[in-house]
> 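Below you'll find the structure I mean.
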Amino acid sequence: QVQLVESGGGLVQAGTSLTLSCSTSGVVFGNYVWGWFRQHPGKEREFLAAIDWRGANTDYADSVKGRFTISKDNWKTVIFLQMNNLQPEDTAAYYCAVNSAWSRRPDYAYWGQGTQVTVSS
């Protein structure tokens, strides 16, 4: 059974950094892709970044490119999202997900429960 558990969210001040983690288990490693999304209240989930199983390839939404960084640990079981220079508009619920193919749509096969990030001005 695939399980994804996000952590690291919280309340931070504008201009600071935060790193989210996503612990994964039950994934049959192969050509899988991990992604980070966020969701503002009343809006659809927004793609942020994705990384492949080997960590060799990444993809970023233009809105966060250069400010957010996705990475994986050496054991390839934890996915990170480092977020720099956070702004109040980054306030959202953040989700990690895993899929068998690259996608920027929120159609990934498995999802975590999400972690809330709140940025105060």
Side-chain angles (χ1 to χ4, degrees):
Q1 182 177 359
V2 176
Q3 288 189 324
L4 306 171
V5 180
E6 302 96 335
S7 60
L11 174 64
V12 297
Q13 290 188 334
T16 62
S17 299
L18 195 65
T19 298
L20 305 181
S21 301
C22 174
S23 297
T24 67
S25 62
V27 175
V28 179
F29 297 117
N31 293 324
Y32 279 91
V33 175
W34 279 259
W36 281 100
F37 291 75
R38 69 184 177 190
Q39 188 168 23
H40 296 96
K43 295 191 175 182
E44 293 186 355
R45 287 186 184 181
E46 172 193 6
F47 170 79
L48 300 175
I51 189 168
D52 65 2
W53 151 240
R54 293 177 177 80
N57 298 294
T58 58
D59 183 28
Y60 292 93
D62 289 342
S63 60
V64 301
K65 190 177 295 183
R67 197 162 61 94
F68 289 10
T69 302
I70 189 171
S71 62
K72 305 182 69 176
D73 72 328
N74 290 335
W75 296 104
K76 300 177 175 60
T77 60
V78 182
I79 315 301
F80 303 99
L81 184 69
Q82 180 180 347
M83 306 183 291
N84 297 325
N85 190 26
L86 286 164
Q87 299 300 315
E89 52 266 33
D90 294 316
T91 295
Y94 284 70
Y95 298 88
C96 69
V98 65
N99 202 39
S100 58
W102 288 94
S103 175
R104 291 188 170 194
R105 299 186 301 273
D107 57 1
Y108 280 47
Y110 302 98
W111 292 85
Q113 82 290 349
T115 186
Q116 178 68 32
V117 173
T118 301
V119 184
S120 63
S121 58

> Could you measure the distance from the CG atom of L81 to the OG1 atom of T115? Nearest 0.5 Å is fine.
11.0 Å

> Taking all atoms of both residues into account, what is the closest heavy-atom pair of L4 and Q113, and its distance?
O-OE1, 3.6 Å

> Hey, does the side chain of R104 reach the backbone of Y60 with a donor-acceptor pair shorter than 3.5 angstrom?
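Confirmed, R104 side chain pairs with Y60 backbone.
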
> Grouping I, L, V, M, F, W and Y whenever their side-chain heavy atoms are under 4.5 Å apart, do I79 and V2 come out in a common cluster?
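Yes, because I79 and V2 connect within a single hydrophobic cluster, where side-chain heavy atoms sit under 4.5 Å apart.
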
> Which heavy-atom pair separates K72 from D52 by the least distance, and what is that distance?
CD-O, 3.3 Å

> Are T24 and V98 close enough, and set up right, to give a side chain to side chain contact (heavy atoms under 4.5 Å, CB included), and what steps lead you there?
CA-CA 9 Å; T24 67; V98 65; over 6 Å; no

> Could you tell me whether a side-chain N or O of S23 sits under 3.5 Å from a main-chain N or O of V78, the two making a donor and an acceptor?
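No, the answer is negative, given that no donor and acceptor are paired below the 3.5 Å cut-off.
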
> Could you measure the distance from the CD1 atom of I51 to the SG atom of C96? Nearest 0.5 Å is fine.
12.5 Å

> Inspect the surroundings of CZ in F80 and state if more than 12 heavy atoms from other residues, nucleotides or ligands are less than 6.0 Å away.
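For F80, atom CZ is crowded (more than 12 foreign heavy atoms under 6.0 Å).
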
> According to a hydrophobic-cluster definition based on side-chain heavy atoms being under 4.5 Å apart (Ile, Leu, Val, Met, Phe, Trp, Tyr only), do V117 and V5 belong together?
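No.
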
> Checking N84 side chain against S17 main chain: does a donor-acceptor pair fall under 3.5 Å?
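Flag not set: sc N84 to bb S17 has no pair under 3.5 Å.
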
> How far apart are the C-alpha atoms of T91 and Q116, what are their side-chain angles, what is the distance that settles it, and do they pass the side chain to side chain contact (heavy atoms under 4.5 Å, CB included) test?
CA-CA 8 Å; T91 295; Q116 178 68 32; 3.9 Å; yes

> What residues join W102 in its hydrophobic cluster, counting side-chain heavy atom gaps under 4.5 Å, either direct or through other members?
V33, F37, F47, Y95, Y108, W111

> Before you tell me yes or no, could you show the steps for L48 and Y94 under side chain to side chain contact (heavy atoms under 4.5 Å, CB included), namely the whole-Å CA-CA distance, both residues' side-chain angles and the distance that decides it to 0.1 Å?
CA-CA 9 Å; L48 300 175; Y94 284 70; 3.5 Å; yes

> Kindly give the heavy-atom pair with the smallest separation between A14 and S121, and that separation in Å.
CB-CA, 4.2 Å

> Provide the closest heavy-atom pair for C22 versus W36 in the form atom of the first, atom of the second, distance.
CB-CZ2, 3.6 Å

> Carefully, step by step, assess D107 and S103 under the rule side-chain hydrogen bond (donor to acceptor under 3.5 Å, both in side chains).
CA-CA 8 Å; D107 57 1; S103 175; 2.9 Å; yes

> Checking Q39 side chain against A92 main chain: does a donor-acceptor pair fall under 3.5 Å?
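Flag not set: sc Q39 to bb A92 has no pair under 3.5 Å.
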
> Has the side chain of E6 got a donor or acceptor atom that lies under 3.5 Å from a matching backbone atom of G114?
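Checked: pair present.
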
> With sequence neighbours left out, which residue pairs that include part of residues 82-103 fulfil the salt bridge (Lys or Arg N to Asp or Glu O under 4.0 Å) condition?
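Applying salt bridge (Lys or Arg N to Asp or Glu O under 4.0 Å) to every pair that reaches into residues 82-103, excluding sequence neighbours, yields R38-D90, R67-D90.
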
